[in-house]
Amino acid sequence: MKFLVSQMAALIQRGQQKANTRLMVRFLLILLGFFAAFTVLFHFLMAYEGQDHSWITGLYWTLTVMSTLGFGDITFTSDLGRLFSIFVMLSGVVFMLIVLPFTFIQFFYAPWLEEQNKARAPRKVPDTLSGHVILTFCDAITLNLVDKLNQYDIRYVILVPDLQQALNLHETGLNVVLGELDDPETYLRLRVREAAMVVVMNEDVASTNIIFTIREVADKTPIITNADQEDSVDILNLAGSTHTYEFTTMLGQVLARRVMGVSMKANVIGNFDELLIAEAPAMRTPLQGRTLAESRLRELTGVNVVGIWEQGRFYLPDPKNVIGASTVLVLAGSENQFDIYDSIMGPSGKDREHSGPVVVLGGGRVGMSVARTLAERGVDYRIVEKRMLKNTEDARIIQGSAADLDILVLAGINETPSIIITTHDDDLNIFLTIYCRRLRPDVQIISRASLDRNINTLHRAGANLVMSFSSLFATTVLNLLNPEKLLMLSEGLNIFRSKPSETIVGKALREQKIRQTTGCSIIAIKRGEEMLLNPEPGTIVSKDDELILIGTAQAEKNFMEHYQTN
């Protein structure tokens, strides 16, 4: 009861609620006026019929008739009295059964319920929270990043300005705080000064305002943001962004670098100090058709095969693995070792059956980024785009539908070594993947996925490689959060550091069963200032060493569980 009274008192004290309360009071006064008028008229009409009743009886009759209860214990006998009863009853239906409930809900119950909901939505983080990530947006990309943050036990909070959205997200178990995006007090309640990072992925104009607002209260907190337009990069940096990325451009570059059959060189995709990690396509190279043991890559070049991509899935290498046309080798080594690898691989001795231009389906920002990257590598390409583009004079841009066979033939689908599908619509990407795979069973198909849940579907449709926008974004954020500990290379593939546990110290690598037990592979050992790249099986691990391993996120989790350091 005390809680209800306090809530009502707080409700009445607010400005908007005060106006609502005044309106409701006015309505109640009008309703009381009807009660009084009908009670007086009741007495006059009863006297006209020769009946005598008290004033309480008159009010009782008025309430029973207006509320349509109509007990029937007090009735009129004349037509005039009955007409009056009908009028009172109809007035009650309108005012007591329709207007009164609506007024009560609109001016009292709904505001009270809104206050209750606001009280349920968190407005600040705990005073002890630090090292957390603040997210100023919420969509499928955010939820994917949240899953990654939870995986690595990194605390986060999502800032949501809409009450209902905040309540819905809060009920699903997400860490949500309700607040305005352009209010400095909001970020103080989020302890932005103690945060590890703020991630801003709103529209460019809104992101500029958010970043500038944060900089009013926190000068040193790192802020990572996305620029939808190239012209916005400088403005976002001026507003105070620490790291500004064009993720659509980055996605195009990643897609273009995965093209096979146009370059036999290893493509460096990440580094851990002087240790380089690269991907190398096997298509039309001397490696194709051989097993890993027969390739003698470690003996000839010094690089070590630490993983294999096959139809979008990552596998740890086995000497008996046969290197096929769709195989992509994940290699680890130094810069000199990769130079040797590139010189040995060189142009394949095999005749290239398909040496036409790379076909890019979609001329949006990702597609144009793919084109620029291919041009920088000296690779010919053709873009198929349904919309009219500005640079229509470019012969490499073909206007038309990618579902039109004549358009695809004009673009060179029969001669191309690779097809890159770049539209932002996953349904369309799946459709085009199935279509292109039917037309060219032997071609490499690389597709973009907007949502992670469609990655497996695209692989089943026939894509050799699928790159997700949300995974690229999550990878970038996590690499910035843990630059010395974690390096995410691509979809589901991580490199991480770990101190050796007592079960590993003093034993040679060949005596360990790390790969069989966890799915991870040791690719380097840091010993003081020295980095042992691709250590020999006889290398003995000491307690001061630092292991550098490669594996999937699940493999990393398995390693931490089996070889937990002290």
Side-chain angles (χ1 to χ4, degrees), residues 133-149 154 156 158 197-211 222-259 267 269-270 360-374 376 420-426 428-429 446-455 458 465-483 486-494:
V133 176
I134 299 174
L135 307 171
T136 64
F137 65 104
C138 188
D139 55 10
I141 297 174
T142 308
L143 299 180
N144 181 68
L145 176 58
V146 165
D147 289 340
K148 301 292 185 183
L149 294 175
I154 300 174
Y156 71 92
I158 304 174
M197 178 184 292
V198 181
V199 181
V200 182
M201 286 284 288
N202 307 74
E203 295 182 357
D204 290 350
V205 175
S207 295
T208 303
N209 190 9
I210 293 170
I211 295 169
I223 300 176
I224 176 174
T225 187
N226 172 62
D228 293 326
Q229 304 294 333
E230 184 178 356
D231 297 338
S232 301
V233 174
D234 292 338
I235 300 174
L236 291 167
N237 289 333
L238 288 173
S241 175
T242 310
H243 304 281
T244 305
Y245 296 96
E246 295 179 78
F247 284 108
T248 52
T249 300
M250 292 172 59
L251 181 59
Q253 294 170 349
V254 171
L255 291 172
R257 288 198 297 263
R258 264 46 178 193
V259 170
N267 173 42
I269 57 175
V360 182
L361 304 184
R365 283 179 292 175
V366 175
M368 298 308 295
S369 175
V370 169
R372 288 192 297 269
T373 305
L374 292 174
E376 292 171 359
I420 306 178
I421 303 173
T422 67
T423 78
H424 65 277
D425 186 343
D426 284 357
L428 179 57
N429 291 345
I446 304 173
S447 179
R448 166 194 178 179
S450 297
L451 300 176
D452 279 9
R453 64 171 178 262
N454 291 319
I455 292 176
L458 282 163
L465 180 67
V466 181
M467 298 302 298
S468 165
F469 180 93
S470 57
S471 291
L472 175 66
F473 167 68
T475 297
T476 304
V477 172
L478 287 171
N479 287 345
L480 289 173
L481 284 171
N482 298 292
L486 174 71
L487 175 64
M488 295 185 67
L489 296 174
S490 56
E491 188 75 44
L493 182 59
N494 305 335

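Being a predicted model, the structure only gives us computed values, none of them experimental. All values below were derived from every heavy atom in this structure, side-chain atoms included, with hydrogens, water molecules and symmetry-related copies excluded.
- Using a distance-only test at 3.5 Å, with no hydrogens or angles considered, no donor-acceptor pair links the side chain of Thr242 to the main chain of Ile224.
- Between the side chain of Asp426 and the backbone N or O of Ser450 there is at least one donor-acceptor pair closer than 3.5 Å.
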*Verify side chain to side chain contact (heavy atoms under 4.5 Å, CB included) between Leu255 and Arg448, making sure each step is shown before the conclusion.*
CA-CA 8 Å; Leu255 291 172; Arg448 166 194 178 179; 4.2 Å; yes
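- Between the CD atom in Glu203 and the CG atom in Asn209 there is a gap of 12.5 Å [rounded to 0.5 Å].
- By the side-chain hydrogen bond (donor to acceptor under 3.5 Å, both in side chains) test, Thr249 pairs with no residue at all, sequence neighbours left out.
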_Please evaluate residues Arg372 and Gln253 with respect to the criterion side chain to side chain contact (heavy atoms under 4.5 Å, CB included), reporting the C-alpha separation (whole Å), side-chain torsions for both, the decisive distance (0.1 Å), and the verdict._
CA-CA 8 Å; Arg372 288 192 297 269; Gln253 294 170 349; over 6 Å; no
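- To the nearest 0.5 Å, atom CG of residue Leu251 and atom CZ of residue Arg365 are 11.0 Å apart.
- Within the model, atoms CD1 of Ile421 and CG of Leu458 stand 8.0 Å from one another, a figure rounded to the nearest 0.5 Å.
- Rounded to the nearest 0.5 Å, atoms CE (Met201) and CZ (Phe473) are 4.5 Å apart.
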*Tell me, with the steps shown, if Asp139 and Thr142 meet side chain to side chain donor-acceptor pair (under 3.5 Å).*
CA-CA 5 Å; Asp139 55 10; Thr142 308; 3.0 Å; yes
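- For Ser470, the side-chain hydrogen bond (donor to acceptor under 3.5 Å, both in side chains) partners are Asp452, Ser468, not counting sequence neighbours.
- Every residue meeting the side-chain contact (heavy atoms from CB on, under 4.5 Å) condition with Arg453, not counting sequence neighbours, appears here in chain and number order: Leu451.
- When atom types are taken as modelled, the side chain of Thr422 and the backbone of Gly362 share a donor-acceptor pair closer than 3.5 angstrom.
- When atom types are taken as modelled, the side chain of Asn429 and the backbone of Thr423 share a donor-acceptor pair closer than 3.5 angstrom.
- Between the OG atom of Ser207 and the CD1 atom of Ile235 there is a distance of 11.5 Å, given to the nearest 0.5 Å.
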_For a side chain to side chain contact (heavy atoms under 4.5 Å, CB included) check, start with the C-alpha distance between Leu149 and Leu481, then their side-chain angles and the critical distance, and finish with the verdict._
CA-CA 10 Å; Leu149 294 175; Leu481 284 171; 3.8 Å; yes
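- Considering only heavy atoms from C-beta on, Phe247 comes within 4.5 Å of Thr476 through its side chain.
- Taking the side-chain contact (heavy atoms from CB on, under 4.5 Å) definition, one finds that Asp231 meets it with nothing, sequence neighbours left out.
- Although no hydrogens or angles enter the test, the distance criterion places a donor-acceptor pair under 3.5 Å between the side chain of Asn202 and the main chain of Thr136.
- The shortest distance between side-chain heavy atoms of Ile154 and Leu478 falls below 4.5 Å.
- With sequence neighbours left out, the side-chain contact (heavy atoms from CB on, under 4.5 Å) criterion links Val205 to no other residue.
- When the side-chain hydrogen bond (donor to acceptor under 3.5 Å, both in side chains) test is applied to Asp228, the partners found at least two apart in sequence or on another chain are Asn226.
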*Verify side chain to side chain contact (heavy atoms under 4.5 Å, CB included) between Val146 and Leu135, making sure each step is shown before the conclusion.*
CA-CA 9 Å; Val146 165; Leu135 307 171; 3.9 Å; yes
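- Note that OG1 of Thr248 and CD of Glu230 are 10.0 Å apart. Values are rounded to the nearest 0.5 Å.
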